[in-house]
Amino acid sequence: PEPTAVPTTAVPPVEAPTGTPDPLAACPQPVDGTSLYLSRQGGFCFLSPTGFTLDEEPDAEGVTVRMYGPPRGEGFERPSANLTVKLNGPDEGMDAESYAIRWIELNYFGQPLPAIQPLDLNGVLAAQAGELPGFLNQRGAFLTANGYRYSLMLSPDTTGMQLGDELTTDAETLWDTVTSSIAFFPPDAPPNYISAEQVCPQAGADTLPFVSYVNGFCTLYPNDFTAVADFAGRFEGGPVLGNLGGFENVITSLTIANAGPANVDQARDLAAPAVDEGIITWDDVQELSISGYPAVVYHIDREPWVHRIGLILVGERYYSLVAQPVEPELWPDGIPYLDKLWNTATGSIQFFTPWE
């Protein structure tokens, strides 16, 4: 599971390096079957094999470049090989190996750690690991260059998997072409990176801190509640309320999650799906601010009990808070605990750049 305490030593900010006068001087020359991709903002360039689609996703928090091939195989789910190159933020004093270990510890959730091997990326030392978690197993290369963290993630990882010949060939073509040609230089526009250490609250007299580095949020929770070890972002406590609808020993809980890209301009629009489905009406939606971010709060009657929902708009992504059960008539003893947990979390929650 992810660590639940904020490190006591703050990471010093990394000063933006000056851009290379001519990044092209560091880049490879295209050969037959390849084309040069250059990201001045991301500080890298590489050769991309022809026949693969390339998408660039620059944003305030980094630069992501994704290449993917055609769907292979038969059936409804036809996987395609894809490779992502990403600038992830300041290196925070890590080298390639310590970066790989940190990434694996935050994403592997207690499974045996995979072997880490050195990988030479044209003079830049990276740390490679295979069979990493993902929709399909991934192969990753982690490195630091010019004060920043970079990752290369291939899916699927062909090691130890029974894949079709076409999918295997696509994946290895992507990996071999990019890793044999990639070069790094100081980025022209370093990402607007906010670290957990910059914003996360410290423990209080009756509260404890929780940090989800991968999901990009931190909060305080009452010290008479428990942060569930194998369910990051879930907090439980208070008296056992009873049994209902096949659920035994029901207790008060709050679950906080990074819900993904928001794709909306205002927090009110986050409630639109529930309104459109007839679960709630607009009269049920309360618009407010949570920790300075626009948010909406409403209740939904979802079997077997009522839930309190909070949706917070944070830039281009949004976060969900689900508190339950909200049953003042059936379980009045639980409401003070639910309100205490909710008010502590919403009064202290902070957001930072998700750690990758």
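For clarity, every value in this text was computed on a predicted model and none was experimentally measured. In what follows, residues are counted from 1 in the order of the sequence shown. We use all heavy atoms of the structure for the numbers below, so side chains are in, but hydrogens, waters and symmetry mates are not.
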Exercise for the section: Measure centre to centre between the rings of Phe217 and Phe351, then say whether the value is under 6.0 Å. Expected result: no

Practice task
Report yes if the side chains of Val211 and Tyr213 come closer than 4.5 Å at any heavy-atom pair, otherwise no.
Solution key: yes

Side-chain donor/acceptor pairs under 3.5 Å, residues 237-249, sequence neighbours excluded:
unit_1	atom_1	unit_2	atom_2	d
Asn243	OD1	Asn249	N	2.8

Practice task
With the side chain counted from C-beta on, respond yes when Phe44 and Val85 share a heavy-atom pair under 4.5 Å apart, and no when they do not.
Solution key: yes

Practice task
Hey, could you give me the CZ/CD distance between Arg72 and Glu166, rounded to the nearest 0.5 Å?
Solution key: 4.0 Å

Practice task
Treating Ile, Leu, Val, Met, Phe, Trp and Tyr as nodes and any side-chain heavy-atom pair under 4.5 angstrom as an edge, say whether Val326 and Leu311 lie in one connected cluster.
Solution key: no

Handout entry: Cluster check Val322, Val285: I/L/V/M/F/W/Y, side chain < 4.5 angstrom
Key = yes

Donor-acceptor pairs under 3.5 angstrom involving side-chain atoms of residues 289-303: please list them, not counting sequence neighbours.
unit_1	atom_1	unit_2	atom_2	d
Ser289	OG	Gly292	N	3.4
Ser291	OG	Ile349	O	2.6
His299	NE2	Arg308	NE	3.3

Exercise for the section: May I ask you to check whether Tyr193 and Phe352 place their ring centres under 6.0 Å from each other? Expected result: no

Fill in the blank from the handout: On a heavy-atom basis, the closest approach of Tyr318 and Leu313 is CB-CA, 4.3 Å

Practice task
Check Arg234, Gln324, His307, Glu236 against Thr255 for a side chain to side chain donor-acceptor pair (under 3.5 Å) and give me the one that passes.
Solution key: Arg234

Problem - Residue pair Leu125 / Asp120, side-chain heavy-atom distance below 4.5 Å - result: no

Handout entry: Test salt bridge (charged side-chain N to carboxylate O under 4.0 Å, His left out) applied to Glu356 and Arg102, step by step
Key = CA-CA 9 Å; Glu356 293 191 56; Arg102 174 74 166 156; over 6 Å; no

Problem - Minimum-distance pair of heavy atoms, taken over all atoms of Ile104 and Pro114 - result: CG2-CD, 3.8 Å

Exercise for the section: Indicate yes or no: at least one non-hydrogen side-chain atom of Leu321 is less than 4.5 angstrom from one of Thr346. Expected result: yes

Handout entry: Thr158 and Thr168: side chain donor to acceptor below 3.5 Å
Key = no

Practice task
Report the relative orientation of the aromatic rings in Trp103 and Phe142; use parallel for angles under 30°, tilted for 30 to 60°, perpendicular for over 60°.
Solution key: tilted

Exercise for the section: State yes or no: do Trp331 and Trp342 share one hydrophobic cluster built from I, L, V, M, F, W and Y residues joined by side-chain heavy-atom distances below 4.5 Å, directly or via other members? Expected result: no

Problem - Spatial distance of atom CG (Leu119) from atom CG (Leu143) [nearest 0.5 Å] - result: 9.0 Å

Problem - Heavy atoms of other groups near Glu97 CD, more than 12 under 6.0 Å - result: no

Exercise for the section: Answer yes if Trp305 and Ile279 sit in the same cluster of Ile, Leu, Val, Met, Phe, Trp and Tyr residues linked by side chain heavy atoms under 4.5 Å apart, and no otherwise. Expected result: no

Handout entry: Rounded distance [0.5 Å steps], CG in Asp165 versus CG in Asp170
Key = 11.0 Å

Exercise for the section: State, yes or no, whether a side-chain contact exists between Gln202 and Pro209 at a heavy-atom distance under 4.5 Å. Expected result: no

Exercise for the section: Flag yes if Leu338 and Leu330 sit in one hydrophobic cluster, no otherwise; membership is Ile, Leu, Val, Met, Phe, Trp, Tyr, and two members link when side-chain heavy atoms are under 4.5 Å apart. Expected result: no

Problem - Shortest non-hydrogen contact from Pro354 toward Asn258 - result: CG-ND2, 4.3 Å

Exercise for the section: Measure the CG-OG1 distance between Asn88 and Thr144 for me, rounded to the nearest 0.5 Å. Expected result: 12.0 Å

Practice task
Evaluate the ring planes of Phe225 and Tyr337, with Trp represented by its six-membered ring, and classify them as parallel (under 30°), tilted (30 to 60°) or perpendicular (over 60°).
Solution key: tilted

Exercise for the section: Any chance you could measure Asp157, atom CG, to Glu131, atom CD, to the nearest 0.5 Å? Expected result: 6.0 Å

Practice task
Decide side chain to side chain donor-acceptor pair (under 3.5 Å) for Ser48 and Ser35; before the verdict, give the C-alpha distance in whole Å, the side-chain angles of both, and the deciding distance to 0.1 Å.
Solution key: CA-CA 5 Å; Ser48 173; Ser35 58; 4.8 Å; no

Problem - Test item: Cys218 and Pro201 side chains (from C-beta on) under 4.5 Å apart, heavy atoms - result: yes

Handout entry: Residues, nucleotides or ligands: over 12 heavy atoms within 6.0 Å of Asp265 CG
Key = no

Handout entry: Glu92/Arg149 ion pair, N-O < 4.0 Å
Key = yes

Practice task
Identify the heavy atoms of Gly43 and Tyr150 that sit nearest to each other, and give their distance.
Solution key: O-OH, 3.7 Å

Problem - Identified side-chain contact (heavy atoms from CB on, under 4.5 Å) counterpart of Leu106 within the set Ile101, Asn215, Val214 - result: Val214

Practice task
Check Met94 against Ser98 and note the closest heavy-atom contact, atom names and distance.
Solution key: CB-OG, 3.3 Å

Practice task
Begin with the C-alpha distance, continue with both residues' side-chain angles, and end with the deciding distance and a verdict on side chain to side chain donor-acceptor pair (under 3.5 Å) for Arg139 and Ser155.
Solution key: CA-CA 7 Å; Arg139 181 189 307 169; Ser155 177; over 6 Å; no

Exercise for the section: Go through Thr34 and Thr177 one step at a time and tell me if the side-chain contact (heavy atoms from CB on, under 4.5 Å) criterion holds. Expected result: CA-CA 8 Å; Thr34 68; Thr177 304; 4.1 Å; yes

Handout entry: Contact check, side chains of Leu154 and Leu152, non-hydrogen atoms, under 4.5 Å
Key = no

Problem - Minimal non-hydrogen separation, Leu174 against Met67, with atom names - result: CD2-CB, 3.8 Å

Handout entry: Inter-residue atom distance Tyr221.OH - Asp206.CG, 0.5 Å rounding
Key = 12.5 Å

Handout entry: Intermediate values then yes/no, side-chain contact (heavy atoms from CB on, under 4.5 Å), Phe235 and Thr252
Key = CA-CA 8 Å; Phe235 310 93; Thr252 298; over 6 Å; no

Problem - Heavy-atom side-chain proximity of Pro28 to Leu36 below 4.5 angstrom - result: yes

Handout entry: Donor-acceptor under 3.5 Å (Gln128 side chain, Ile116 main chain)
Key = no

Exercise for the section: Examine distances only and state if a side-chain atom of Asp176 and a backbone atom of Thr173 form a donor-acceptor pair shorter than 3.5 Å. Expected result: no

Exercise for the section: Could you go through the side chain to side chain donor-acceptor pair (under 3.5 Å) check for Arg66 and Tyr68 one step at a time? Expected result: CA-CA 7 Å; Arg66 180 174 292 107; Tyr68 54 93; over 6 Å; no

Exercise for the section: Determine, step by step, whether Tyr319 and Val314 satisfy the side-chain contact (heavy atoms from CB on, under 4.5 Å) criterion, reporting the C-alpha distance in whole Å, the side-chain angles of both residues, the deciding distance to 0.1 Å, and the verdict. Expected result: CA-CA 7 Å; Tyr319 288 80; Val314 182; 3.8 Å; yes

Problem - Step-by-step side-chain contact (heavy atoms from CB on, under 4.5 Å) determination, Ile256 to Thr219 - result: CA-CA 10 Å; Ile256 305 174; Thr219 189; 4.1 Å; yes

